[in-house]
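Just so it is clear: chains get the letters A, B, ... in the order the sequence lines come, proteins before strands, and each one is counted from 1.
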Protein chains: 2
Amino acid sequence: MTDLCTTNALRLIQVAEDFRAGLSGEFSAVHGISVNEFLLLLHLERATANRLSRVDLAKRMHVSASTITRMAAPMEKIGLVGREVDDRDARLVFVVATSMGREKLSQSLATFSKRASYLFSDRWEDEELEKFSEMLRCMIGGTGDTLA
Amino acid sequence: MTDLCTTNALRLIQVAEDFRAGLSGEFSAVHGISVNEFLLLLHLERATANRLSRVDLAKRMHVSASTITRMAAPMEKIGLVGREVDDRDARLVFVVATSMGREKLSQSLATFSKRASYLFSDRWEDEELEKFSEMLRCMIGGTGDTLA
DNA sequence: GCAAAGTACTTGCATATGAAAGCGATTCGC
DNA sequence: GCGAATCGCTTTCATATGCAAGTACTTTGC
């Protein structure tokens, strides 16, 4: 049923953009970070060894490597992330969250969760949310480097 | 259940971005337009009288009015949209799709639908897709000026 | 009626981002 | 081993976008 799939894809994009737009305002006002900076910290926390190279981050965040370079620089300056070099490969410079970065992530994640639960607020049963979650999980690309 | 909502919101964002990223490549390669230009044309077609003012478009597309001005200019130049002034209010300049614009939308929508049906490809029953669709519909902001 | 406030659009400036080129470092082919 | 190709990162340039100021028009308050 192409038409239903089309409608669903359109709504998916619309809901995601609505949600991100609302989040963006609260994040910059309350936590002083952007949604992308939040997602960067979240990717770090969910990664093995809690660190990622810039190219890995770029792939996971659907942005270019240069964007990661420029996003990480100010975050490093204000102490949210640090860098770790690889003993074996001097080209690799891992981005790693500092304790301040993890604290910032924790606070931001609370805001995120608050808005997420408002988005799904009390409208559906757990069973419905589980089904929804499972469907979304199937739609995520197969690389496995996923946030949720 | 905050945790499940959080997971769902994260997955929602991720799936939407995956989908948009894939679409972006095919759109520019095959149709020579961006995803935002496609959405602009789609908003025009779904609007009453098939036309919208720049501020209306801006609100519906989550972008600023200046972005609409600058998006519409090249689309007007290549003949995808035109402008119509309002008899009553000389400030209003409606954006309206030309026949070429509607043709471009039709072709692009076919690409969109193809990818949408691949995203949901044969994994679920119509009943599940209907449920999914209904849940998304409830999450869309209440303005009613919606694409789907 | 007319000034003040509001509205629709455009433009200037600052920021964010991607593509491509550049630079080191590593790996591959031989 | 050594040159060539590849890889990770940074920088440069071009584009996209938002915000705020500017312009033209309309509505409101009196």
Side-chain angles (χ1 to χ4, degrees), chain A residues 17-18 20-29 32-40 43-44 47 49 51-78 81-96 145, chain B residues 17-18 20-29 32-40 43-44 47 49 51-78 81-96 145:
Chain A
E17 286 181 355
D18 281 354
R20 246 190 110 112
L23 210 58
S24 176
E26 187 164 357
F27 268 14
S28 72
I33 63 174
S34 71
V35 177
N36 269 345
E37 286 169 334
F38 162 75
L39 291 173
L40 189 151
H43 272 289
L44 290 181
R51 65 181 201 177
L52 286 169
S53 72
R54 278 147 167 73
V55 292
D56 263 2
L57 272 170
K59 285 174 193 161
R60 293 179 193 218
M61 295 182 65
H62 286 305
V63 297
S64 67
S66 45
T67 296
I68 299 294
T69 291
R70 283 178 291 220
M71 270 181 58
M75 293 177 76
E76 199 175 330
K77 186 155 268 177
I78 63 177
V81 301
R83 37 176 75 210
E84 281 180 11
V85 295
D86 189 314
D87 298 335
R88 320 274 189 77
D89 191 336
R91 292 171 303 180
L92 282 171
V93 187
F94 291 104
V95 182
V96 55
D145 49 6
Chain B
E17 287 181 354
D18 280 356
R20 244 190 113 111
L23 210 58
S24 176
E26 187 164 356
F27 268 14
S28 72
I33 64 174
S34 70
V35 177
N36 269 346
E37 286 169 335
F38 162 74
L39 290 173
L40 190 151
H43 273 289
L44 290 181
R51 64 180 202 177
L52 286 170
S53 72
R54 279 146 166 72
V55 291
D56 263 4
L57 272 170
K59 286 174 193 159
R60 294 177 193 217
M61 295 183 64
H62 286 303
V63 298
S64 68
S66 46
T67 296
I68 299 294
T69 290
R70 284 179 285 222
M71 268 181 59
M75 292 178 76
E76 199 176 330
K77 186 154 270 179
I78 63 177
V81 301
R83 36 177 76 209
E84 281 181 10
V85 295
D86 190 312
D87 298 335
R88 318 272 190 78
D89 190 337
R91 294 170 302 178
L92 282 170
V93 187
F94 292 103
V95 182
V96 55
D145 49 6

Nearest-nucleotide wise, let me know which of M71(A) and D56(B) is further upstream toward the 5' end of DNA chain C.
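Looking at DNA chain C, the more 5' nearest nucleotide goes with D56(B).
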I want to check something: taking the side chain as every heavy atom from C-beta on, are R54(A) and T69(A) in contact at a cut-off of under 4.5 Å?
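Side chain of R54(A) against side chain of T69(A), heavy atoms only: contact under 4.5 Å found.
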To the nearest Å, give me how far apart [atom1] ([X]) and [atom2] ([N]) are.
X	N	atom1	atom2	answer
L57(A)	dT10(D)	CG	P	12 Å
R91(B)	dA5(C)	CZ	P	16 Å
H62(A)	dG18(C)	NE2	C1'	15 Å
N36(A)	dT17(D)	CG	P	15 Å
R83(B)	dT10(C)	CZ	C1'	10 Å
L40(B)	dT17(D)	CG	P	11 Å
R20(B)	dT17(C)	CZ	P	14 Å
L52(B)	dC9(C)	CG	C1'	15 Å

Check this for me, if you would: do R60(A) and E17(B) make a salt bridge, where the nitrogen-to-carboxylate-oxygen distance has to be below 4.0 angstrom?
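E17(B) and R60(A): not salt-bridged.
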So, are D89(A) and R91(A) salt-bridged, with charged N and O less than 4.0 Å apart?
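Result for this pair is yes, salt bridge flagged.
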Specify the angle, to 10°, made by the local axes at the two ends of the helix from dG1(C)-dC30(D) to dC30(C)-dG1(D) when five pairs are taken at each end.
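Axis angle across the helix from dG1(C)-dC30(D) to dC30(C)-dG1(D), nearest 10°: 30°.
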Among dA25(C), dT10(D), dA8(C), which is the nearest nucleotide to the side chain of V55(B)?
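Ranking dA25(C), dT10(D), dA8(C) by closest atom to the V55(B) side chain puts dA8(C) first.
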Nearest-nucleotide pick for T67(B), side chain only, options being dC9(D), dT26(D), dG18(D)
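For T67(B), the side-chain atoms sit closest to dG18(D).
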Determine yes or no for a side-chain-to-main-chain donor-acceptor pair under 3.5 angstrom, with E26(A) supplying the side chain and L23(A) the backbone.
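The answer is no, because no donor-acceptor pair under 3.5 Å joins these two groups.
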Just by modelled atom types, is the S34(B) backbone N or O under 3.5 Å from a matching donor or acceptor in the E37(B) side chain?
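Yes.
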Restricting both atoms to N or O, compile the protein contacts to nucleotides 19-22 of chain D shorter than 3.5 Å, with distance only.
| from | atom 1 | to | atom 2 | distance (Å) |
| --- | --- | --- | --- | --- |
| dC19(D) | N4 | S66(B) | OG | 3.0 |

Classify the side-chain pair T67(B)/S64(B) by whether it contains a donor and acceptor separated by less than 3.5 Å.
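Their side chains do contain a donor-acceptor pair, which is all the 3.5 Å distance test asks for.
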